[in-house]
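Data block below; observations after.
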Amino acid sequence: MSKPTPISGFPEWTPAQRMIEQFVLDRIRNTFELYGFAPLETRSVEPLDQLLRKGDTAKEVYVLRRLQADTDGPAGDDSLGLHFDLTVPFARYVLENAGKLQFPFRRYQIQKVWRGERPQEGRYREFLQADIDIVDRDTLPAHYEAEMPLVIGDALRSLPIPAVRIQVNNRKICEGFYRGIGLTDPEAALRAVDKLDKIGPTRVAELLAETAGASEAQAKACLALAEISAPDASFADAVRALGVSDPLLDEGIEELVRVVETAAAHSPGLCVADLRIARGLDYYTGTVYETQMVGYERFGSICSGGRYDNLASSGTVSFPGVGISIGVTRLLGLLFGADELSISRSVPTCVLVAVGSEDERPASNRVAEALRSRGVPTEVSPSAAKFGKQIRYAERRGIPYVWFPGAEGAPDEVKDIRSGEQVAAAAGEWTPARDDLKPLVS
RNA sequence: GUGGCUGUAGCUCAGUUGGCAGAGCACCGGGUUGUGGUCCCGGUUGUCGUGGGUUCAAUUCCCAUCAGUCACCCCA
């Protein structure tokens with residue numbers, strides 16, 4: 001039997017890393033619930049035609065197939081694929097359950113998703129997303145577009161990670177502007193402009209000419225728009241100064257002003273209007289978000305989303321929504337790689353109860369039981385080795401306390417192995433320092 | 001999916017113009033008749049990513065494959 005090897009793009013963390021991940025998920029979930037989002041989990045698979053309904057994500061989708069499936073039999077319409085985000089399944093769920101839901105409906109969803117892309121650092125084929133969305137029936141008030149960044153700002157600020165900056169744009173601004181200057185292929189123009197950071201204005205101008213059929217003057221105007229960035233409503237003046245007029249453009253400006261001003265009022269410095277942000281997914285129709293960590297811009301976006309008006313609709317009813325999603329696995333992978341996240345111990349254990357001899361193990365077990373009953377994570381030493389070795393067992397794992405049951409009626413003692421301080425203690429009363437009860441993530 | 005770079009001990013890396021596989025750290029044992037961390041002494045790390053090929057002989061050369069990473073594509 002040969003040694004098992006990793007599978008490309010399917011990361012597996014160490015227990016210490018998993019504890020960090022669970023810590024992060026707890027904090028995110030807590031923030032989502034603080035804002036009143038209800039929990040939801042959807043199945044891992046969707047009918048293939050649902051998944052492929054939007055965009056050319058086809059090549060990324062993993063298809064589900066039974067090993068013994070009859071390859072000649074009917075497969076077509078009912079074949080299943082693993083979902084590649086949480087928005088499309090959510091839209092499907094809303095349509096399917098509209099009758100049982102109250103609108104506006106706010107939900108969060110933290111689940112694995114799968115994409116068949118070539119992996120590299122911070123990019124995986126199986127990864128966790130933490131997603132919030134709000135959908136309403138027929139119309140969705142614009143103020144929800146301003147609420148999204150506030151939730152995310154609180155969630156990410158509750159984590160021991162670098163500060164974040166949410167970059168916001170509005171598709172209506174781009175599309176209205178492009179229409180206003182006479183460009184016919186706004187999608188192509190968006191894709192070109194999105195590369196501004198990576199390839200610079202000269203190449204973007206060339207790309208605009210090649211792929212979007214832009215004239216020199218049109219390309220110049222697109223670049224001028226894309227270069228606008230401001231932490232407040234002043235971006236609107238800069239856009240108007242470009243002298244393009246279009247009703248959709250005005251609508252977009254109005255909506256983006258509202259997002260930026262709301263963010264500035266509640267959370268100064270969190271959001272910036274950045275008119276180069278485009279987002280790949282084509283179902284976004286209004287506000288779009290991307291999120292960078294300050295000082296770690298090279299990591300790219302760790303959280304993104306936007307408003308979609310047409311994702312969930314059947315017949316005459318439609319459910320416009322807005323959502324945003326934290327790339328938890330990406331975030332962790334990048335920060336692990338940069339050695340920017342650590343935890344104080346590799347196990348949950350707070351106290352190791354020493355065992356004097358195997359005859360005395362029952363006494364140690366009773367101590368552990370008493371501590372656990374009061375919420376102190378406790379394990380009993382694996383063997384009655386020399387105390388030095390038992391202490392080392394704890395030290396290797398970062399367990400802060402070792403408990404020595406008193407022999408022959410003597411009081412028990414507990415030792416903080418970091419300071420070496422050892423004091424008499426009773427298992428029914430002693431409590432560890434607050435910070436020591438659980439592993440500390442930093 | 002396309003192309004480039006990389007793969008030797010748990011970790012960081014040497015090395016072999018093809019001839020029995022190394023260092024530091026970590027780990028284990030002892031010095032220390034049971035309270036660790038310092039120090040001293042000793043020990044083990046290993047299908048040299050995997051599978052083929054060439055060769056008397058391959059960790060070394062060749063091919064394939066897997067994994068990691070970078071760029072493209074796309075995106076969390």
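All chains are named by letter (A, B, ...) in the order of the sequence lines, taking the proteins before the strands, and each is independently numbered beginning at 1.
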Looking at A:Lys389, does any N or O in its side chain come under 4.0 Å of the phosphate oxygens OP1/OP2 on B:C28? no
Can you tell which of B:A76, B:G3, B:U35 lies closest to the side chain of A:Arg115? B:A76
Check A:Arg106 with A:Glu147, please: is the shortest side-chain N to carboxylate O separation under 4.0 Å? yes
Taking 4.0 Å as the cut-off, does a side-chain nitrogen or oxygen of A:Lys195 come that near to OP1 or OP2 on B:C72? no
Without decimals, in angstroms, what is the distance between A:Leu332 CG and B:A76 P? 17 Å
Search all heavy atoms of A:Arg171 against all heavy atoms of A:Ala278 and return the closest pair with its distance. NH2-O, 2.7 Å
Report yes if a side-chain nitrogen or oxygen of A:Arg396 is closer than 4.0 Å to either non-bridging phosphate oxygen (OP1 or OP2) of B:C28; otherwise report no. yes
Look at A:Arg392 and B:G29 and indicate whether a side-chain polar atom (N or O) is within less than 4.0 Å of OP1 or OP2. yes
Does A:Lys386 have a side-chain nitrogen or oxygen under 4.0 Å from the phosphate oxygens OP1 or OP2 of B:U33? yes
Axial cation check for A:Tyr296 ring with A:Arg298, 6.0 Å and 45° limits: no
Please identify which of these residues, A:Asp133, A:Thr287, A:Thr285, meets the side chain to side chain donor-acceptor pair (under 3.5 Å) condition with A:Tyr308. A:Asp133
When you check the gap from the basic side-chain N to the acidic O, do A:Glu21 and A:Arg18 get nearer than 4.0 Å? yes
Selection: residues 419-430 of chain A, any non-hydrogen atom under 4.0 Å of RNA chain B: A:Gly420, A:Gln422
Interface with RNA chain B, restricted to residues 204-212 of chain A and to heavy atoms under 4.0 Å: none
Atom CG of A:Leu190 to atom C1' of B:C73: distance rounded to whole Å? 17 Å
Which part of the nucleic acid, if any, lies within contact of A:Gly333, taking any heavy atom under 4.0 Å across all strands shown: a base, the sugar-phosphate backbone alone, or nothing? nothing
For RNA chain B, the expected dot-bracket line (Watson-Crick or G-U under 3.5 Å, [ ] crossing, | inter-strand) is (((((((..((((.....[..)))).(((((.......))))).....(((((..]....))))))))))))....
Rounding to the closest angstrom, what is the interatomic distance between B:G18 and B:C61 at atom P? 8 Å
Check the distance between B:C75's C1' and A:Glu126's CD and give it to me in whole angstrom. 17 Å
Mark yes or no for whether A:Gln390, through its side chain, and A:Ala385, through its backbone, hold a donor-acceptor pair below 3.5 Å. yes
Quick one: on RNA chain B, does A:Glu413 or A:Leu331 contact a more 5' nucleotide (nearest heavy atom)? A:Glu413
Looking only at atom C1', what distance separates B:U60 and B:U54, rounded to whole Å? 13 Å
Taking B:C66 as the reference, what is the distance to B:U47 when you measure between their C1' atoms (whole Å, please)? 16 Å
Ring-face cation of A:Arg115 near A:Tyr62 (centre distance under 6.0 Å, axis angle within 45°): no
Pair A:Glu46, A:Tyr93: side-chain N/O donor-acceptor within cut-off below 3.5 Å: no
A:Leu34, CG: over 12 other non-hydrogen atoms inside 6.0 angstrom: yes
Taking only the P atom of each, what is the distance from B:G3 to B:U50 in whole angstrom? 25 Å
Does anything in residues 23-47 of chain A form a ring-ring contact (aromatic ring centres under 6.0 Å, His included)? List the pairs, not counting sequence neighbours. A:Phe32-A:Tyr108
For A:Tyr124 and B:A76, say yes or no: do the ring centres fall under 5.5 Å of each other while the ring planes differ by less than 30°? no
CZ of A:Phe299 versus P of B:C70: gap in Å, rounded? 10 Å
Choosing from B:A71, B:A67, B:G34, which nucleotide comes nearest the side chain of A:Ser8? B:A67
Walking RNA chain B from its 5' end, the first of A:Arg118 and A:Glu395 to be reached, judged by nearest nucleotide, is A:Arg118
Minimum-distance nucleotide to A:Lys415 side chain [options: B:U35, B:A67, B:C73]: B:U35
Whole-angstrom distance between B:A26 and B:A9, as gauged at atom C1': 11 Å
Determine the contact category for A:Glu121: base if any of its heavy atoms lies under 4.0 Å from a base atom, sugar-phosphate if only primed atoms, P, OP1 or OP2 are that close, otherwise nothing. sugar-phosphate
What residue pairs, at least two apart or across chains, pass ring-ring contact (aromatic ring centres under 6.0 Å, His included) with a residue in residues 409-442 of chain A? A:Tyr401-A:Trp430, A:Trp403-A:Trp430
Using whole Å, what does the distance between atom P of nucleotide B:C27 and atom CZ of A:Arg397 come to? 12 Å
Cut-off 3.5 Å, no hydrogens considered: what does the side-chain donor-acceptor table look like for residues 321-334 of chain A, sequence neighbours left out?
from, atom 1, to, atom 2, distance (Å)
A:Ser325, OG, A:Asp131, OD2, 3.4
A:Thr329, OG1, A:Leu128, N, 2.6
A:Arg330, NE, A:Ser301, O, 2.9
A:Arg330, NH1, A:Gly122, O, 3.1
A:Arg330, NH2, A:Phe299, O, 2.6

For the P atoms, the ones on B:U12 and on B:C73, what distance do you get once it is rounded to whole angstrom? 31 Å
I'd like the C1' distance from B:A23 over to B:C27, given in whole Å. 16 Å
Could a donor-acceptor pair under 3.5 angstrom be found where the side chain of A:Arg123 meets the base of B:A76? no
Write down the distance between CD1 (A:Ile152) and P (B:A76), rounded to a whole number of angstrom. 13 Å
When all nucleic acid strands are considered with a 4.0 Å heavy-atom cut-off, which category describes A:Ala385: base, sugar-phosphate, or nothing? base
Presence of A:Gln129 side-chain N/O under 4.0 Å of B:A76 phosphate oxygens OP1/OP2: no
Does A:Ala394 reach a base, just sugar-phosphate, or nothing at all? Heavy atoms under 4.0 Å. nothing
When we call it a touch if two heavy atoms are under 4.0 Å apart, what does A:Arg418 touch: a base, just sugar-phosphate, or nothing? base
Per atom distances to the A:Arg330 side chain, the nearest of B:A76, B:C74, B:A71 is B:A76
Just N and O in the side chain of A:Lys198: are any of them under 4.0 Å from OP1 or OP2 of B:A71? no
Might you point out which heavy atoms bring A:Ile20 and A:Ser342 nearest each other, and give the distance in Å? CD1-C, 3.9 Å
Salt-bridge test for A:Glu358 and A:Arg361: reply yes if a basic N is under 4.0 Å from a carboxylate O, no otherwise. yes
When all nucleic acid strands are considered with a 4.0 Å heavy-atom cut-off, which category describes A:Ile417: base, sugar-phosphate, or nothing? base
Does OP1 or OP2 of B:A67 have a side-chain N or O of A:Thr5 closer than 4.0 Å? no
Out of B:G34, B:U35, B:C72, minimum distance to the side chain of A:Gln120 belongs to B:C72
Mind checking the C1' distance from B:G49 to B:U69? Whole angstroms is fine. 15 Å
How many Å lie between CZ on A:Phe10 and C1' on B:A67, as a whole number? 14 Å
Salt bridge or not between A:Glu216 and A:Lys220? Use side-chain N to carboxylate O under 4.0 Å. no
